[in-house]
Amino acid sequence: MKNYALGHPVNKLIHGCDYNPDQWLDRSDILSKDIEYMKKAGINEATLGVFSWSAYEPVEGEFHFEWLTEVMDRLYENGISTILATPSGARPIWMDQKYPEVMRVDGMGHRNRHGFRHNHCLSSEVFRDKVRIIDGKLAKIAGDHPGLIAWHISNEFGGECFCDLCKEKFRDYLRKRFNNDINLLNHEWWSSFWSAKYNDFSDIEPPYQNGQNALMALKLEWHRFTTYNYADYISVEIDTIREASQNKDIPITTNLMQRFYDIDYRELAKKIDFISWDSYPKFHNDLERYEDTMMESAFDHALLRCLKKDKPFFLMESAPAHVNWMDYNKLKRPHVHDQFSCQTVACGSDSIQYFQWRRSRGGAEQFHGAVMDHSGSTDTRVFRDVAYTGEVLGKLAEIEGTVKKNEAAVIFEWDCWWSIDVSGGFSRHTKKYDVTCMDHFKSLIPFGVEADVISVNDDFEDYKLIIAPMLFLIRPETIDKMKRFVENGGVLLATYMTGYVNENSLCYEGGFPGDGLKELFGIVNEEIDTLYPSDRNGISMDGKTLVVKDYAELIKPIDAEVIGTYTDDFYKDTAAITCKRYGNGKAYYQAARLLNEDMGDLVRKILNDAGIKIRDLLSGIEHHVRYGDDHIYEFYFNIGEEPAEVSDLDGTDMITGDTVNGSVTILPRRYLILKK
Amino acid sequence: MKNYALGHPVNKLIHGCDYNPDQWLDRSDILSKDIEYMKKAGINEATLGVFSWSAYEPVEGEFHFEWLTEVMDRLYENGISTILATPSGARPIWMDQKYPEVMRVDGMGHRNRHGFRHNHCLSSEVFRDKVRIIDGKLAKIAGDHPGLIAWHISNEFGGECFCDLCKEKFRDYLRKRFNNDINLLNHEWWSSFWSAKYNDFSDIEPPYQNGQNALMALKLEWHRFTTYNYADYISVEIDTIREASQNKDIPITTNLMQRFYDIDYRELAKKIDFISWDSYPKFHNDLERYEDTMMESAFDHALLRCLKKDKPFFLMESAPAHVNWMDYNKLKRPHVHDQFSCQTVACGSDSIQYFQWRRSRGGAEQFHGAVMDHSGSTDTRVFRDVAYTGEVLGKLAEIEGTVKKNEAAVIFEWDCWWSIDVSGGFSRHTKKYDVTCMDHFKSLIPFGVEADVISVNDDFEDYKLIIAPMLFLIRPETIDKMKRFVENGGVLLATYMTGYVNENSLCYEGGFPGDGLKELFGIVNEEIDTLYPSDRNGISMDGKTLVVKDYAELIKPIDAEVIGTYTDDFYKDTAAITCKRYGNGKAYYQAARLLNEDMGDLVRKILNDAGIKIRDLLSGIEHHVRYGDDHIYEFYFNIGEEPAEVSDLDGTDMITGDTVNGSVTILPRRYLILKK
Amino acid sequence: MKNYALGHPVNKLIHGCDYNPDQWLDRSDILSKDIEYMKKAGINEATLGVFSWSAYEPVEGEFHFEWLTEVMDRLYENGISTILATPSGARPIWMDQKYPEVMRVDGMGHRNRHGFRHNHCLSSEVFRDKVRIIDGKLAKIAGDHPGLIAWHISNEFGGECFCDLCKEKFRDYLRKRFNNDINLLNHEWWSSFWSAKYNDFSDIEPPYQNGQNALMALKLEWHRFTTYNYADYISVEIDTIREASQNKDIPITTNLMQRFYDIDYRELAKKIDFISWDSYPKFHNDLERYEDTMMESAFDHALLRCLKKDKPFFLMESAPAHVNWMDYNKLKRPHVHDQFSCQTVACGSDSIQYFQWRRSRGGAEQFHGAVMDHSGSTDTRVFRDVAYTGEVLGKLAEIEGTVKKNEAAVIFEWDCWWSIDVSGGFSRHTKKYDVTCMDHFKSLIPFGVEADVISVNDDFEDYKLIIAPMLFLIRPETIDKMKRFVENGGVLLATYMTGYVNENSLCYEGGFPGDGLKELFGIVNEEIDTLYPSDRNGISMDGKTLVVKDYAELIKPIDAEVIGTYTDDFYKDTAAITCKRYGNGKAYYQAARLLNEDMGDLVRKILNDAGIKIRDLLSGIEHHVRYGDDHIYEFYFNIGEEPAEVSDLDGTDMITGDTVNGSVTILPRRYLILKK
């Protein structure tokens, strides 16, 4: 039942880091200490070559890879594996000078200049050719190195380009999408609005800042096209690597990011062999409790992990200390690095990797935290924290390849997110699709329940409970799947703003939630009230009043049972939460947004209905499980501010080796990992 | 004494809506239900063709009007009149592609791209020609349709263009304005400042964001030119319609907007036959009371109505429900639609029209409220509210054509507004010319007094009291008019920031208020203190202390009576409010800005002096009157939060038909309409 | 021991103003009153010709100077000297039309248009040639006028240009700076980061907004280049004036500004003969006490004065009333103008000059305060205040040429400021280098101690105490100077963020503070905690707790004495303030930012150690001294809100002529000036 991120066990959890020896090629003193200190810190992997293009090819056609193989050799000799990045995250200057088309054009139509990173047009064939050449060379030279365990394509894809090449490609994309039928596009985009009709696909322009912004579907489709172009582009890199490498089995990934808006990651995930991502929680901020930061981190892990649900992911980057790009770059407090790292493993990661091994002396990230700071000393708090994590990961090695099995899932859809955002109406300040999905995920944690975060295209039958917050954009096939899911005994919770538009952001006729969902939920939405931040309403349920903010739909029950009613305003006493038995299951509809702290009562109800075992944990305890072939690994994190006792425990404490039976008190920011 | 917006009675109040059948031409089911449901809602007018250019002329020179006449026929057969818009509010795509000059250029000099609406250069002769063609065709085809009651030119004019054509036109405009005398312009613009002298009119550029911004008069004149160009442009459309229509008597309007900054509406008003405007109050917001929102609505109606004081206006657009472009798009609470609609009639409208009949399925306004929402059902709160308004309007039909007669007026001047705004100094956060005029208008309401909102070019002799807040820019002829007005017995109230500059934003010499106003008011302004938002001063008057914020002028009485003095700071005990008998009247000067709630004492004083009958209404009651040939129509709105008793009533309740004599208690958000 | 700003005594303090008769050439009535009223106000100097280019040369090659000499003659005849500005602060329109290269290009690469002021490319040889011509003519015509006492180059230099000419000049500058060695530049700029390596100097572009922003050193060097270009440019003007003038002895200045970011003023100061600057404190604002505004004014004077420490400066501009460009342009309260003017003299100025004599009737500054306002009257509060200042300055005439001798100094470095700002990390909201230096300066005032504000290139041996706040960027030679200073008995206080980077913003290796400073302070910095605004920590010192905000370094003492420790968080009880005896002196390290009101205890300690006499003044008293050949001039300002008694006084009150011995009570906003 184990499954391995890399396709095979490496018999350890990866403890690695981004490593930029190309910044120190004239400093053999530094390079030799790097190896020594990596071993001291328990580092067993180094990610090389991110942004090394100008080191490889400083002048067009002149290549230098010696330093790379030397470093890989030395790492390998010292038991440190390599993940090798392709260098396309930043271009050497000669390329921008000779081929300006490789630089992006912004939303006003102005071409960027050489500089920073990620500033390339993905449509440019010149750029793609240059990437093919460098990737091909790299694969030939390093692709069968015994230390190489994975390829890492480019870096943190993101952004968009409005150049003429992208414009043409967008038109081609649309021709395919709409069967070359401009009338179909006009209908679906409702371009009769404001005289916006197109006569031909060649009429269409990207949504420039100073151009067409009245067609929601144009903006939505531009997001989809950007995803399409990233997926198309990453194939170029992947195919080149595969083709040029002697070893065709080295798995390929790319480093993804937190709740990242620009790209539907599910399309990228299809192209790569395993998921890896870069996590930088804003610990100790002034907006929320540490507890919230941790639960949000759990959500982020779940979202990314579920891009490939059947196997562990890698945490490709994390900060051993602070970062340098937040508004306030505060230090991680004691135990936080340790707890966060173990939470990451608990959430399904088989690696803890750092950006970065050693701080660069100059450049934009010279004050970004690293394992090694400018002092060059290992006698630092951060180094000790990292080395301790190395030890802990050593004790958890057998967890490698174990998987997650969750009974609950929260739906999260990129095109729903985009569609809500491009739509006029409601309040642009409070739509917050991603945060709302996260809040529903978090609502399960106090009950000891961990959820997957899935797509509408995932298999619903894996779950007993599905929560679909704000599923604004919905396709007929999703509606069918939902019905079948409930019919077969599943419990489904949907909310306000469900089923408003189809896949082209065209409103459903006949009342929301659209097409068939009214039948499933047994209600129809009459109107939606958008509240000001200071407005509040309430929902009375089971004798309690739950506080409502931001959105309240006025719904009319058709054949649903009303289980909660509004307490205030002109829609007082009307239905606010409903439940309909449908087949063997139940379909809940929550018509208003609740304060996070008031979500528990409804959650308990649906968990019970779904037959999911509630583990009533003390507030402040977060619980995760990984499943191996013979063992179960249970994780308990005290993310609160007080010591917390957890009971009904049975197993072996993987850190101490002690047998645990009964209750254990866990201190704040500490944890317990039990093997059963 | 009745006067009709359309030039003749239609024997009803118009209850209409924007209607876009061109979005549904493939949906005969929808189109036929539209007629049925309009009748159910009491709709008797539909506004067609706003934004229909691409439906009329999808390809250059290829025209399709069949659908329009069909719809007009069907509406007419069902008793529903048509107001027909010209389609110039948005251009079909072929025009932008073939003639890029029709698209606007922004303040940085970058040309916009095809898209959104209102994005055309008004100076482009190509654009004007294309408009002439389409308007001419439209007028020929529909201009004598029996259902046509009015023409509606384009849509919500606004914005400005910085292209070379506009630049040339601006120069021509200035040549005329300054008699081809560049020295005169240099003197009036004080261009010796910062070496900004022009040698020739061809030197002058519009005030580009990255160009000349040091000459206040340039910026002021650019505003005037933009108005000039709109007026010039609308003549093209009006002349075309007039010329091409068989029926030359159909009146023409254009839909104006709330306190709209870009255009001096008085210049547009001269071109059109009756006023219509689009009102979208921000009901139930988190900044102010409902009462304030309603009083501000009354001000807005008065400002727009007084563009043509002698006749009723039309409310061309309003939201039957919420809109989609506010920060928070909250639902209208019960009775609000009804009360607002009747207030609109009370303020002089002969129509209540909606944007829009039916929501578009896609596009930027798919979530803007409409009579018919996406459900397609008439069993909705909004539909019922609209239908009820239809009933009410039926009962008020005889009010059509009745007019207003107010004894008080507040002066509101666009070029004063612009001049204050372009001037350096004071505080850009608190100048608020428009709000200040509105606040003075509101200050009269608790006394049962309704004011006109007039221009300095209107006839002052119609009034007993004129309030001229912040009349910063003032011309000698206005000063003379003011003197004559007071001399003849009028009461005039002016405030801080009166008479600082002439029509070219050039400061008056010899002390403020400029040229002759010192004689009228008997004071001279020494300095103006600009307060921080947290600063407060007070004015002691008649034993009370009124609270001062934002601005306090230090004035020196010459021969005025001091009736209020400052209570604090280094100008404590100096004059703050003065009054001078001048001829048979009185000239008041209020040297500081008062809190709204502290304006009443001074208002009572000036009303008494002016001999205007005070009707001491309970707080929360708003009172309006319309005058017919034989009847007077009195309106009482309870805009407060508590039931309120109104006494001294005598007449017939037009809604119930009951005779009313004595006192009536009106519930919050309800009203009483009496015919006497 | 006296030293004169102008190189020779004028036997008075200058009381002057910007004067723009070229705006009134058609108004002989105004011009003649100007002279009369200047004399009435005690004005003895007028600054002419700022922005007069279009008056001198309205058309290319056509010159008009008659009006200038006439005005200078008339002023001179009336005992009023002239400071003559070169007119390059704004260009006449013909230049921009014929030679567009003279207009600046913005950070996006778009060329500005004609308009406003200061909008010229300093690199343009065309612009420089035109300046040479006009300056040459001006010097020939007016350079030996008997009324001329100084030249004033251009106006308030600032801003930057990104045109191709500047780009080329930047590359040349870099070639020199890095010995034509691109590898050296690559190393120092750490351009291996993100593949940013340059192959040639011709590859380098300025830091365009949409270009290279990942290299901190590029941005830092761009600031230095901008300074270099200003210094290069001002030489053109100075050389032209010197060469063309018959009288080569007229001193030259340019008017500088408050804590001005764009230019390292020390480079400009080298070019000019005496310092002058424009001071506009934001009196009576809603953020701080009047007391703070005054102390900040003292800091600003000290910073500017110390650009040429050995002589007095001129206050070239100040507002006799309010200004027009602040958010809220409040009036100066009574006595403030007087107190501020005397403070300026106390801080080392030999002049009080105004912007401006008479308000312009139009243009961007028509509502900027002036001696004469639009009323044309001298019977105004402002005129009387100015005239009173004239009287006071008359009584203080003998102070001319006296100098300052301070025993304490605060280091302020422009490239340190830039380097902190361009660095990622910490918090961009709270770095506040300039404010921090000011706060340390202010911390000395309650002890009666006045400090110089110096460069690291100034002579440290002049001082007993040096405070070096946040000396982030530091050169090895500065480190050596600091060591020698302490070794020789000096007391040095450094803070968090000391010695992080070298002159190219490259981090020091081996731990902060870099290279040798660890030895001097006896500590090493382990990490820096960046606090959120709501976070607080404390430092326990001598039984008191001082409050910490914003930044707290975790430091490790090597051989320093710990004199304060943190009171909270995970670094509780670790060192926060240390002191190390080094040679005959002491090196203090303050590892965290303290609240201003909590800085006193440490300050008292270091003052005592430094052997600087503490004059324990009541809170609210600010004390300054100027030293003449035979006399000392002591200034006491009550900047608080309560009357304050000052004791131990001895001398003659220069305003009243009374002998003072013992104690005097000074009222708020009043002062005492004693001659001893």
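Residue numbering restarts at 1 for every chain, and letters A, B, ... go by the order of the sequence lines. As a basis for the values below, the full set of heavy atoms in this structure was taken, side chains included, without hydrogen atoms, waters or symmetry mates. Everything numeric here is computed off the predicted structure, so don't read it as measured data.
Among the candidates C:W24, C:W94, C:Y56, C:W325, the residue making the largest number of heavy-atom pairs closer than 4.5 Å to chain B is C:W24. Interface check for chain B: of the options C:S377, C:G369, C:A364, the most heavy-atom pairs under 4.5 Å are formed by C:A364. Between chain B and the options C:N324, C:D379, C:N329, heavy-atom pairs under 4.5 Å are most frequent for C:N329. Taking chain B as the reference chain and counting heavy-atom pairs below 4.5 Å, the highest number among C:R381, C:H368, C:R91, C:H110 is found for C:R381. No other option in C:P92, C:P58, C:A55 has as many heavy-atom pairs under 4.5 Å with chain B as C:P58. Listed options B:A214, B:P207, B:P533, B:C507 were ranked by heavy-atom pairs under 4.5 angstrom with chain C; first place goes to B:C507. Contact count versus chain B (heavy atoms, under 4.5 Å) is highest, among C:V382, C:N112, C:N119, for C:N112.
Geometrically, C:R117 does not engage C:F51 in a cation-pi contact, judged by NZ or CZ lying under 6.0 Å from the ring centre and within 45° of the ring axis.
Neither the backbone nor the side chain of C:N20 has a heavy atom closer than 4.5 Å to any heavy atom of chain B. At a 4.5 Å heavy-atom cutoff, B:D200 makes no contact with chain C through either its backbone or its side chain. Using a 4.5 Å cut-off between heavy atoms, B:Y508 touches chain C through its backbone atoms (N, CA, C, O) alone. The contact between C:R111 and chain B is made entirely by backbone atoms, counting heavy-atom distances below 4.5 Å. For chain B, the nearby part of C:D26 is the side chain; its heavy atoms alone come within less than 4.5 Å. Heavy atoms of B:K219 lying under 4.5 Å from chain C are absent altogether. For C:I30, the part lying near chain B is the side chain, with the backbone staying farther off; criterion is any non-hydrogen pair under 4.5 Å. Interface remark: C:M326 contributes backbone atoms only to the contact with chain B (heavy atom separation under 4.5 Å). Both the backbone and the side chain of C:Q23 come within less than 4.5 Å of a heavy atom of chain B.
The nearest pair of heavy atoms linking C:L138 to C:F65 is CD1-CE2, 3.5 Å.
Between C:T380 and B:E527 there is no side-chain heavy-atom pair separated by less than 4.5 Å. Contact of the B:W190 side chain with the B:M216 side chain is not registered, since no non-hydrogen atoms from C-beta on lie closer than 4.5 Å. Under the 4.5 Å side-chain criterion, counting only non-hydrogen atoms from C-beta, C:H284 is in contact with C:Y290. No side-chain heavy atom of C:R359 sits less than 4.5 Å from a side-chain heavy atom of C:Q366. Side-chain contact between B:L218 and B:Y198 is present, with at least one heavy-atom pair separated by less than 4.5 Å.
A donor and an acceptor atom, one from each side chain of B:W222 and B:E160, are located under 3.5 Å apart.
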(message) Using side-chain contact (heavy atoms from CB on, under 4.5 Å), reason through C:H337 and C:F283 one step at a time and then give a plain yes or no.
(response) CA-CA 10 Å; C:H337 179 65; C:F283 286 115; over 6 Å; no
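Salt bridge annotation for B:R475-B:E413: absent, with no cationic side-chain nitrogen under 4.0 angstrom from a carboxylate oxygen.
For residues 499-506 of chain B, heavy-atom neighbours of chain C at less than 4.5 Å comprise B:Y500, B:V501, B:N502, B:S505, B:L506, sorted by residue number.
At least one donor-acceptor pair closer than 3.5 Å links the side chain of B:T574 to the backbone N or O of B:Y571. Although no hydrogens or angles enter the test, the distance criterion places a donor-acceptor pair under 3.5 Å between the side chain of C:R113 and the main chain of B:M108.
No more than 12 heavy atoms of other residues, nucleotides or ligands sit less than 6.0 Å from atom NZ of C:K137.
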